[in-house]
Every structure is written in C-alpha cells, then in structure tokens.
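Report on one structure; see the data block that follows.
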Amino acid sequence: MMIRGKFDALDDAARKAVRAAGNAAFTEAGTFTHDQSVSSFTFRCQVPAGPDDGENEAIRSAMAALEAHGHPYQLLHVAVTDMRDIKIRRKGRPRTTSG
C-alpha cells in the first residue's frame, strides 16, 4: 500500500518523529518518505491479506497503520498492489518450444 498526502501543521516533535520513521521499506507499521520540509509524504505499508480480503480491507488496514502514527494529514491518493496477482518471471530458465 502507498498513501500520498500532506501533513497538517506538524510541530517540531512531530517532524522529528516522521523523520525517524522515514524509510522506503514496506513494513506493517508503515514508513514515511517525505519532502525536505516534511509537508508532503508517501506512507508505505505492508498489509497481510487473507484469501478473501480485497482492496477495501487493505485500505482500512493501511489507514489504521497511518492513523497509529498520530500525525494530522490530508489524504491525497491511495494505491493498492495485491502481491497475489504478481507473476514472477525467472531469468535463466530454458524456454520450452514446440516442434
């Protein structure tokens, strides 16, 4: 999950906390990347999904992870990538040919 937004009036302590949570990794707790002024952000988080979970459940879980950080924000965009739908093409495997 990737959530893009803008922070609303962060104080110095909140800016420090956002910088400390900064990383490009996808974790369940979520990490922030942000502009230099810490006003715009991208929040990345990994949401474990059950076999019947869909996009709405993932969005609710991601929003809960963002809310847990406690920073005021304005939501701009939410993007969901379901890793169950990703097909991996492995290099180096011989192709099978017919005929």
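Values below: every heavy atom of this structure, side chains too, minus hydrogens, waters and symmetry copies. Since the model is a prediction, treat every value here as computed from it, not as a measurement. Residue numbers run from 1 in the order of the sequence given.
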Throw together a table of side-chain donor-acceptor distances under 3.5 angstrom for residues 24-31, partners on residues two or more places apart or in other chains.
from, atom 1, to, atom 2, distance (Å)
T27, OG1, G30, N, 2.9
T31, OG1, N23, O, 3.1
T31, OG1, A25, O, 2.6

Can you give each donor-acceptor pair under 3.5 Å made by side-chain atoms of residues 10-18, sequence neighbours left out, with the distance rounded to 0.1 Å?
from, atom 1, to, atom 2, distance (Å)
D11, OD1, A13, N, 3.3
D11, OD1, A14, N, 2.7
R15, NH1, S37, O, 2.8
R15, NH1, V38, O, 3.2

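For the pair F41 and L76, the minimum side-chain heavy-atom distance is 4.5 Å or more. Taking 4.5 Å as the limit, every side-chain heavy atom of H77 sits out of range of all side-chain heavy atoms of M2. Counting heavy atoms from C-beta outward, M1 and V78 have side chains that approach closer than 4.5 Å. Between T42 and R44 there is a side-chain heavy-atom pair separated by less than 4.5 Å.
D8 pairs by the side-chain contact (heavy atoms from CB on, under 4.5 Å) definition with P72, Q74, not counting sequence neighbours. Scored by the side chain to side chain donor-acceptor pair (under 3.5 Å) test, Q36 finds no partners at all (sequence neighbours excluded).
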I would like to know whether R4 and L75 meet side chain to side chain contact (heavy atoms under 4.5 Å, CB included); could you show each step before the answer?
CA-CA 7 Å; R4 289 192 175 95; L75 186 63; over 6 Å; no
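Each ring pair (Phe, Tyr, Trp, His ring centres under 6.0 Å) pair with one or both residues in residues 43-69, not counting sequence neighbours, appears once here: F32-F43, F32-H69, F43-H69. Sorted by first and then second residue, the side-chain hydrogen bond (donor to acceptor under 3.5 Å, both in side chains) pairs with a member in residues 58-68 read E67-Y73; sequence neighbours excluded.
The distance from atom CG of D35 to atom NZ of K6, rounded to the nearest 0.5 Å, is 9.5 Å.
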